[in-house]
Amino acid sequence: MFVIAHPDDESMFFSPTINYLASNACNLHILCFSTGNADGMGSIRNDELHRACAVLKIPLQQLKILDHPNLQDGFGQLWSHDLLTEIIKEEVTNHDIHTIITFDNYGVSGHCNHRDVHHGVLKFLQTNSGRNIKAWELVSLNIFRKYFGPVDIWLSILSVKQHPSKVIIINEQPWKSFKAMAQHLSQWVWFRKLFVSFSSYTYANTLNRINP
């Protein structure tokens, strides 16, 4: 189960991992904690995420998008870690989830919602250790590596060799990442097109095993 904050997180950041797992017939779920309604386009972005999941081969019945009054999109919108933990526990139980993939402590861009999602997952793991759930976090890259595009694959490989708790997943279908992100038409403005073109997250994901 991918645990994300906003519609388009799956395409902008996690698509190499999603493509890899989908191509290996893994049963994928997405839990998205908001509709991305910061600009009043929550219903539009909800529909866009459904279209992106169709491109990424994630069954639409295994996509859950929340519109909780205490989990609204926006900088400065602090999300309760206890509430996040409660919702994650419910989804894990209902769908027999054994692996979670989410943001790390910095959340790629430093967005407070991304970081709160990480802490919600971490608290779930700490309070449910008996479930033996595996969890992985997407490693945030520094500003230089973040825009190296496919060149960063080699730097990621070197980094993983030095840290046995990390794995690198290379995107063998970057065109699918572009197509998925293009479904988010409300967000598909010129600077995001540049981001997806040059972002290292389009071409590879480095995942670190979370040790709660």
Side-chain angles (χ1 to χ4, degrees), residues 1-26 28 30 32 36 45 48-49 51-58 75 99-115 117-118 121 134-211:
M1 182 170 73
F2 288 82
V3 182
I4 61 176
H6 316 113
D8 78 13
D9 288 346
E10 81 300 330
S11 300
M12 289 184 71
F13 307 124
F14 294 95
S15 61
T17 304
I18 292 174
N19 286 339
Y20 172 78
L21 294 175
S23 67
N24 284 275
C26 292
L28 303 182
I30 287 183
C32 183
R45 297 192 67 186
E48 291 171 347
L49 180 50
R51 291 197 291 271
C53 283
V55 171
L56 295 168
K57 307 301 183 187
I58 295 175
F75 287 100
T99 303
I100 293 173
I101 300 171
T102 192
F103 293 103
D104 68 2
N105 182 50
Y106 185 69
V108 178
S109 62
H111 196 298
C112 57
N113 298 159
H114 296 180
R115 301 178 76 166
V117 166
H118 166 82
V121 170
K134 297 178 182 177
W136 298 81
E137 59 188 7
L138 179 62
V139 174
S140 296
L141 303 174
N142 63 47
I143 192 66
F144 300 104
R145 288 187 57 192
K146 191 174 182 178
Y147 298 107
F148 267 18
V151 176
D152 190 69
I153 291 173
W154 308 109
L155 297 176
S156 296
I157 291 172
L158 291 174
S159 174
V160 166
K161 286 183 177 180
Q162 298 171 359
H163 299 91
S165 65
K166 295 180 179 179
V167 297
I168 179 173
I169 298 178
I170 298 172
N171 194 355
E172 296 182 354
Q173 301 172 298
W175 61 268
K176 187 182 284 187
S177 302
F178 282 86
K179 185 176 180 181
M181 187 58 203
Q183 306 308 306
H184 295 278
L185 285 174
S186 67
Q187 309 299 303
W188 198 225
V189 293
W190 68 269
F191 57 87
R192 285 201 177 89
K193 292 178 182 179
L194 286 177
F195 179 90
V196 175
S197 298
F198 292 99
S199 169
S200 300
Y201 296 100
T202 299
Y203 303 98
N205 284 162
T206 299
L207 302 178
N208 182 54
R209 180 75 180 269
I210 298 177
N211 182 359

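- Although no hydrogens or angles enter the test, the distance criterion places a donor-acceptor pair under 3.5 Å between the side chain of Arg115 and the main chain of Asn105.
- Within a 6.0 Å radius of CZ in Phe195, other residues, nucleotides and ligands contribute more than 12 heavy atoms.
- Considering Ile210, Ile100, Thr99 in turn, Thr99 is the only one that fulfils the side chain to side chain contact (heavy atoms under 4.5 Å, CB included) rule with Lys134.
- Between Phe14 and the choices Tyr201, Tyr20, Phe103, the ring pair (Phe, Tyr, Trp, His ring centres under 6.0 Å) rule is met once, by Phe103.
- The minimum heavy-atom distance between Thr202 and Asn171, with the atom names listed, is O-ND2, 2.8 Å.
- The number of heavy-atom neighbours closer than 6.0 Å to CG of Asn211, taken from other residues, nucleotides and ligands shown, is 12 or below.
- Across Ala52 and Ala180, no two heavy atoms sit closer than the pair CB-O, 3.6 Å.
- Heavy atoms only, all atoms of each residue included: Gly107 and Ser140 are closest at N-OG, 3.6 Å.
- A heavy-atom distance below 4.5 Å is not found between the side chains of Leu28 and Leu56.
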| request: Could you give me the CA-CA distance, side-chain angles and deciding distance for Ile101 and Leu21, then say whether side chain to side chain contact (heavy atoms under 4.5 Å, CB included) is met? | output: CA-CA 12 Å; Ile101 300 171; Leu21 294 175; 4.0 Å; yes
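- The line from OG of Ser199 to CG of Leu141 is 8.0 Å long, rounded to the nearest 0.5 Å.
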Please list, one pair per line, the donor and acceptor atoms closer than 3.5 Å that link side chains of residues 157-170 to other protein atoms, with sequence neighbours excluded.
residue	atom	partner	partner atom	Å
His163	ND1	Ser159	O	3.0
Ser165	OG	Asn208	OD1	2.8

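- In terms of heavy-atom proximity, Phe148 sits nearest to Phe144 at CD1-O, 3.0 Å.
- Sorted by first and then second residue, the pairs that involve residues 178-192 and meet side-chain hydrogen bond (donor to acceptor under 3.5 Å, both in side chains), not counting sequence neighbours, are Glu10-His184, Glu48-Ser186, Gln187-Arg192.
- Taking CG of Leu138 as the start and OG1 of Thr102 as the end, the distance is 9.0 Å to the nearest 0.5 Å.
- When side chains are defined from C-beta on, Phe178 counts as touching Ser197, because their heavy atoms get closer than 4.5 Å.
- Listed by first and then second residue, the salt bridge (charged side-chain N to carboxylate O under 4.0 Å, His left out) pairs involving residues 137-160 are Arg145-Asp152 (not counting sequence neighbours).
- Rounded to the nearest 0.5 angstrom, Asp8 CG and Cys32 SG are separated by 8.5 Å.
- Scanning both residues, Ser177 and Ser15, for their nearest heavy atoms gives OG-OG, 2.7 Å.
- Of the residues His111, His114, His6, the one that meets the ring pair (Phe, Tyr, Trp, His ring centres under 6.0 Å) test with Phe75 is His111.
- Here the CD1 atom belonging to Ile30 is positioned 6.0 Å from the CG atom belonging to Leu49, to the nearest 0.5 angstrom.
- Between Leu194 atom CG and Tyr147 atom OH the span is 10.0 Å, to the nearest 0.5 Å.
- Of all heavy-atom pairs spanning Lys176 and Asn19, the tightest one is CD-OD1, 3.2 Å.
- Between Thr17 and Trp136, the closest side-chain pair of non-hydrogen atoms is not below 4.5 Å.
- Of the possible polar contacts, none joining the Asn205 side chain to the Leu207 backbone as a donor-acceptor pair under 3.5 Å is found.
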